[in-house]
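The first residue of the sequence shown is numbered 1, and numbering continues consecutively from there.
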Amino acid sequence: VRLFADRARRLDKNFRLSAEELPHVVRICQLVDGLPLGIELAATSVQEYGTAEIAAKVAQSPGMLETNFQDLRPQHRSLRHVFDYSWSLLTPEEQAILAQLAIFRGGFSAEAAQAVAGASRLVITHLRYKSLLVSTSAGLYDMHEIVRQFSLENLEKLQTPLGESARARVEEKHANYYLKFLHQHEQALYGATPRLTASRIQPSLDNIRQAWRWAVAHAAWEWVEKSVVALSRFYEFSGLFAEAIANYCHADGQVARQLQEASRAEMDRTEIDRLRRIHVRIRVELADHLHAQGRYQETEPILAQAIELSELADDQYGRMRAMLMLANHRLVQGKNDQAFELFSTAHTLAQAGGYPLYEGLTLRGLGNIWRQRGDFNAFEACLQQALRIQRSIGNLAEVYTLLTWLGGYRQLKRDICGGRLLLEEALSLNDAVADPYREAILRTNLARNDAFLGRYDTARVQIRQLIKNLQQDEDRWHL
């Protein structure tokens, strides 16, 4: 920032770095990644533009950073000249790989670079030594935004051996890699280490966002279908509900339009059913996130159409998922009889289709209704059966929930010690699951248990820890 101000004052004696100017100057420095030459070149425009305009122009086109000052060597009079000179020192292989690596957003692994751009570790090392790539604290590789933008310009000029656009091909490979990456983590997101898995996905989020947008825009529905559940689960653990809703709304609109066009064109029934199936998958995940945000009026019509589409496509899995989601929606509305019927149908479909995760979830839903009806034996039987199923597939998040519910129920039966054992087992899973909502219920039950045993000081510690966590998460409802 001082460098910019000094250079600007050299050109304009009236320039002052005011509080209003400061955010724009900081933005300029960020856009050129703190490169001294970029900062100096940006400052040369202060006689023509304000700092806000300079920031906007740099963001739009770093090529505008140039000067005719004679005290600079010709190759240093613009960032483009600097980049072109560095580019000329690369081998043809390095040039092609650097151009393709520019497709990444944020950090990328050596494995991703190999899969998308055919980059060997040796070439990556050479590019890093030449300061065209940098290593990140997460153990990934990245490039300065300026280098990325100039490299993308060169990627536009490249063609495949068949004369196709190299950029189009690289974008496709990039999308396939990251959506496959998501799909490969789906089981782990429902398994023993969901929070750890989500943290491993997090550094790739910018690339995943770009891959998802590309797949939806290019109707690559095969990879959308394979990745939609894993992406939804990641969004849930990351608390990115607004982004999830926005992305799934957009995808929902895109596939709906294509389905309408396919129906009007009287396309093959197999293709139409495939689009219906994908539409169901997207609608179920969209409804799940809307429901989580309390947007219940929007949830119901989406699920009703999902069930209708699944029946038209004879999609038993999609029908089961939509019915399970609608059952939870009915439960929130207090329509327990309708919810019970939906849970029962979804349970039958889950058993018939061999989907133990959802078989366990439907049993928990049925148990919840039995509890509300006052049949606690049926409630406990359903939850114990669900617990056995979720343990068998290693779904720790659901095991955590079931242990918490069963532990609380044992307390109500005055089986304080039995309840304590279940709650402490759930607590041992806390770091792996790390779900504030589930933890709120667990710590409340633990505090009740301590109070039953006369451990009032320990109970206060539990409640204080719970309040602290809820305040940090701004969870006013549970607070």
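- Environment of OH in Y456: sparse, with no more than 12 heavy atoms of neighbouring residues, nucleotides or ligands closer than 6.0 Å.
- Counting heavy atoms of neighbouring residues, nucleotides and ligands inside a 6.0 Å radius, atom CD of E298 exceeds 12 of them.
- Residues V116 and L101 have side chains not in contact (no heavy-atom distance under 4.5 Å, counting atoms from C-beta outward).
- For the residue pair N336/Q372, the side-chain donor-acceptor check at 3.5 Å is satisfied.
- Contact check on R321 versus E285 returns a salt bridge, with a Lys/Arg side-chain nitrogen under 4.0 Å from an Asp/Glu carboxylate oxygen.
- In the displayed structure, Q384 atom CD is contacted under 6.0 Å by more than 12 heavy atoms of other residues, nucleotides or ligands.
- Partner L133 forms a side-chain contact (heavy atoms from CB on, under 4.5 Å) with one of L127, T125, V123 and no other, that one being L127.
- Counting only N and O atoms by type, the side chains of Q254 and D252 include no donor and acceptor under 3.5 Å apart.
- In terms of heavy-atom proximity, V399 sits nearest to R391 at CG2-N, 3.8 Å.
- The nearest pair of heavy atoms linking L423 to T404 is CD2-O, 3.8 Å.
- A donor and an acceptor atom, one from each side chain of R257 and Q260, are nowhere located under 3.5 Å apart.
- Taking the six-membered ring where tryptophan is involved, the planes of W214 and H218 are essentially parallel, since the angle between them stays under 30° and well short of 60°.
- Ring pair Y248/W212: centre-to-centre distance below 6.0 Å.
- N328 and H291 form no side-chain donor-acceptor contact under 3.5 Å, judged by distance and modelled atom types alone.
- For the pair R264 and E261, the minimum side-chain heavy-atom distance is below 4.5 Å.
- With F340 as the aromatic partner, R373 meets the cation-pi criteria of under 6.0 angstrom to the ring centre and within 45 degrees of the ring axis.
- Contacts of R195 classified as salt bridge (charged side-chain N to carboxylate O under 4.0 Å, His left out), with partners at least two apart in sequence or in another chain: none.
- Proximity of a side-chain donor or acceptor of N207 to a complementary backbone N or O of G107 within less than 3.5 Å is detected.
- Using modelled atom types, one finds a donor on one side chain and an acceptor on the other under 3.5 Å when comparing Q305 with R283.
- Proximity of I245 to R295: side-chain heavy atoms (C-beta onward) are separated by under 4.5 Å at one or more points.
- Here the closest non-hydrogen pair linking C249 and L286 is SG-CD1, 3.7 Å.
- Around CD of Q187, the count of heavy atoms belonging to other residues, nucleotides or ligands within 6.0 Å does not exceed 12.
- Nearest heavy-atom pair, H183 versus K226, reported as atom, atom and distance to 0.1 Å: ND1-O, 2.9 Å.
- Taking the six-membered ring where tryptophan is involved, the planes of F104 and F108 are essentially parallel, since the angle between them stays under 30° and well short of 60°.
- Relative ring orientation between Y177 and F181 is described as parallel, the plane-to-plane angle staying below 30° on a 0-90° scale split at 30° and 60°.
- Ring pair F379/Y409: centre-to-centre distance below 6.0 Å.
- A side-chain donor-acceptor contact under 3.5 Å links E243 and Y235.
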How far apart are the C-alpha atoms of R200 and L196, what are their side-chain angles, what is the distance that settles it, and do they pass the side chain to side chain contact (heavy atoms under 4.5 Å, CB included) test? CA-CA 6 Å; R200 288 173 176 168; L196 178 61; 3.5 Å; yes
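- Under a cutoff of 6.0 Å and an axis angle of 45°, R233 and Y190 form a cation-pi pair.
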Quiz: residues 347-354 side-chain donor-acceptor pairs under 3.5 angstrom, not counting sequence neighbours:
residue, atom, partner, partner atom, Å
T348, OG1, S344, O, 3.1
Q351, NE2, E359, OE2, 3.4

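- The environment of NZ in K180 is sparse: at most 12 heavy-atom neighbours from other residues, nucleotides or ligands sit within 6.0 Å.
- Under a 3.5 Å cut-off, the side chain of Q210 and the backbone N or O of I103 do form a donor-acceptor pair.
- With V255 as the fixed residue, the side-chain contact (heavy atoms from CB on, under 4.5 Å) test singles out one of L275, V224, V280: L275.
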